[in-house]
A.B. asks: 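Starting off with a structure, shown below.
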2 protein chains.
Amino acid sequence: MPANLDEIDHHLLDLLQQDSGRTLAELGDLVGLSPSAVQRRVERYRASGLVRREVAVVDPSAALLAVCLVTLDHESPEEHARFREWVLAAPEVQQLYNVSGDHDYVVVLATTGMPHHRRVADRVLKSAPGLRRYSTMFVLDPVWTSLTVPTRDA
Amino acid sequence: MPANLDEIDHHLLDLLQQDSGRTLAELGDLVGLSPSAVQRRVERYRASGLVRREVAVVDPSAALLAVCLVTLDHESPEEHARFREWVLAAPEVQQLYNVSGDHDYVVVLATTGMPHHRRVADRVLKSAPGLRRYSTMFVLDPVWTSLTVPTRDA
DNA sequence: GCCGATCACGCAATAATCTCGCGTGCCCGC
DNA sequence: GCGGGCACGCGAGATTATTGCGTGATCGGC
């Protein structure tokens with residue numbers, strides 16, 4: 001996974017993170033390369049794991065999102081592993097972060113509505129192994145969502 | 001934006017949210033349709049806004065993520081609007097949710113490292129209009145990240 | 001300072017994929 | 001029972017992706 005990224009790489013990765021539906025020719029025009037050169041760079045990102053995959057982004061306002069702050073009973077690695085495995089088994093878990101501070105995990109749940117959310121919260125969180133307690137913040141408005149990551153300082 | 005989605009639509013949307021790099025023929029095999037039928041359905045999702053766009057997902061472990069809980073001074077719509085506009089202007093803001101509960105917003109920041117994070121936090125949050133206080137949870141491990149949304153109950 | 005190796009590039013031919021018009025069958029309302 | 005509207009599969013044509021080849025630049029060793 002070579003971190004040897006030049007200016008064009010940064011530009012390309014920005015463009016791909018915004019919209020990967022563009023053709024190689026379009027990308028080439030935007031960054032000043034031929035289509036084949038673009039193709040070879042993009043293939044390199046994929047092979048190195050820098051670019052994991054391409055996904056379609058579904059309008060999040062069609063769903064009910066909830067941000068849950070989770071605290072576990074103990075700090076043992078085994079307990080963390082069990083908890084992760086348990087939570088990841090649920091497809092409604094959109095994001096799972098191990099975080100520093102008062103809580104151990106931040107879990108983002110995406111469901112079709114409150115009934116669905118209750119079922120998922122009961123099944124996934126309430127009965128999760130090693131869970132001490134959790135609190136839920138319901139998302140009133142998903143103002144902005146992305147998975148964009150900066151490849152260099154702005 | 002017709003919510004008239006049949007079983008094949010749900011299946012297709014699941015597949016596209018997992019990996020939109022597949023060819024129309026592959027998708028057709030997986031859902032039992034011809035490539036052209038798949039193409040027409042996918043085009044409908046895009047036209048209706050159900051599918052917003054396609055993006056490349058960059059490995060998040062290459063970045064420093066931070067989940068910030070923000071409380072504003074007042075509840076006025078104008079203040080919320082100003083705050084949103086201010087925060088959204090920063091490209092390092094990966095996600096911005098207006099939430100219920102003790103805090104007003106959840107902000108996910110993605111930066112290249114702690115120096116970058118400090119600059120962004122100072123510029124984007126500390127000096128945000130109407131901000132009363134915020135707390136930061138640093139992401140130790142981005143166990144799972146996606147923008148996947150369920151289109152029906154599981 | 002020169003030479004060879006390596007790498008990324010552009011170009012062009014080929015292969016793969018997408019796009020779209022057409023004809024057919026199904027379902028629903030009349 | 002009889003149209004009308006839809007979504008389908010098929011297939012031709014256009015667009016796009018892929019790959020081999022030759023060239024120029026850069027770098028390290030001699």
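Sequence lines set the chain letters: A, B, ... in the order given, protein chains first and strands last, and positions in each chain run from 1.
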A.B. asks: Grab the CD1-C1' distance between A/Ile8 and C/dG10 for me, whole Å please.
C.D. replies: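 Whole-Å distance recorded here is 13 Å.
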A.B. asks: Report yes if at least one side-chain N or O of A/Ser36 is closer than 4.0 Å to OP1 or OP2 of C/dC11; otherwise report no.
C.D. replies: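 No, outside the criterion.
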A.B. asks: Please pick, from D/dC8, C/dA8, D/dT18, the nucleotide with the shortest atom-to-atom distance to any side-chain atom of A/Arg44.
C.D. replies: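 Nucleotide nearest to A/Arg44's side chain: C/dA8.
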A.B. asks: Taking 4.0 Å as the cut-off, does a side-chain nitrogen or oxygen of B/Arg40 come that near to OP1 or OP2 on D/dG9?
C.D. replies: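 Answer is no, no contact under 4.0 Å.
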A.B. asks: Looking at every strand, decide which applies to A/Gln39 at a 4.0 Å heavy-atom threshold: base, sugar-phosphate, or nothing.
C.D. replies: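 Base contact.
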A.B. asks: Nearest to the B/Ala37 side chain among C/dC18, C/dA8, D/dC8, which nucleotide is it?
C.D. replies: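 Closest nucleotide to the B/Ala37 side chain: D/dC8.
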A.B. asks: Quick one: do A/Arg123 and A/Glu92 make a salt bridge, cutoff under 4.0 Å?
C.D. replies: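 Salt bridge present between A/Arg123 and A/Glu92.
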A.B. asks: Taking the basic N atoms (NZ, or NE/NH1/NH2) and the acidic carboxylate oxygens, is any pair closer than 4.0 Å for A/Glu43 and A/Arg46?
C.D. replies: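 Yes, this pair counts.
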A.B. asks: Rounding to a whole Å, what distance do you find between B/Asp6:CG and D/dC6:P?
C.D. replies: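 The answer, rounded to whole Å, is 16 Å.
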A.B. asks: Rounding to a whole Å, what distance do you find between B/Leu27:CG and C/dT19:P?
C.D. replies: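 Value for this atom pair: 12 Å.
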A.B. asks: Could you tell me how far apart A/Glu43 (CD) and D/dT18 (C1') are, to the nearest whole angstrom?
C.D. replies: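 Computing the A/Glu43:CD to D/dT18:C1' distance gives 10 Å.
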A.B. asks: So, B/Glu79 and B/Arg84, do they make that salt bridge, N to O below 4.0 Å?
C.D. replies: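 So B/Glu79 does not pair with B/Arg84 through a salt bridge.
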A.B. asks: Starting at CZ of A/Arg46 and ending at C1' of D/dA17, how long is that distance when rounded to a whole Å?
C.D. replies: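 Going from CZ in A/Arg46 over to C1' in D/dA17 covers 11 Å.
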A.B. asks: Provide, to the nearest angstrom, the distance between the CG atom belonging to A/Leu24 and the C1' atom belonging to D/dT16.
C.D. replies: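 My rounded result for the distance is 8 Å.
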A.B. asks: Starting from P on D/dA17, measure out to CD on A/Glu26 and report it in whole angstrom.
C.D. replies: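 One finds 9 Å between P of D/dA17 and CD of A/Glu26, rounded.
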A.B. asks: Looking for any heavy atom pair under 4.0 Å, which part of the strands does B/Ser34 touch: base, sugar-phosphate only, or nothing?
C.D. replies: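 The residue B/Ser34 makes base contact.
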A.B. asks: Is B/Asp9 paired with B/Arg152 through a side-chain N to carboxylate O contact shorter than 4.0 Å?
C.D. replies: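 The answer is no: the pair does not qualify as a salt bridge.
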A.B. asks: Please give, in whole Å, the distance from C/dC7 P to A/Asn4 CG?
C.D. replies: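 Computing the A/Asn4:CG to C/dC7:P distance gives 13 Å.
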A.B. asks: Are B/Arg132 and B/Asp104 close enough for a salt bridge, meaning some N to O gap below 4.0 Å?
C.D. replies: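 No.
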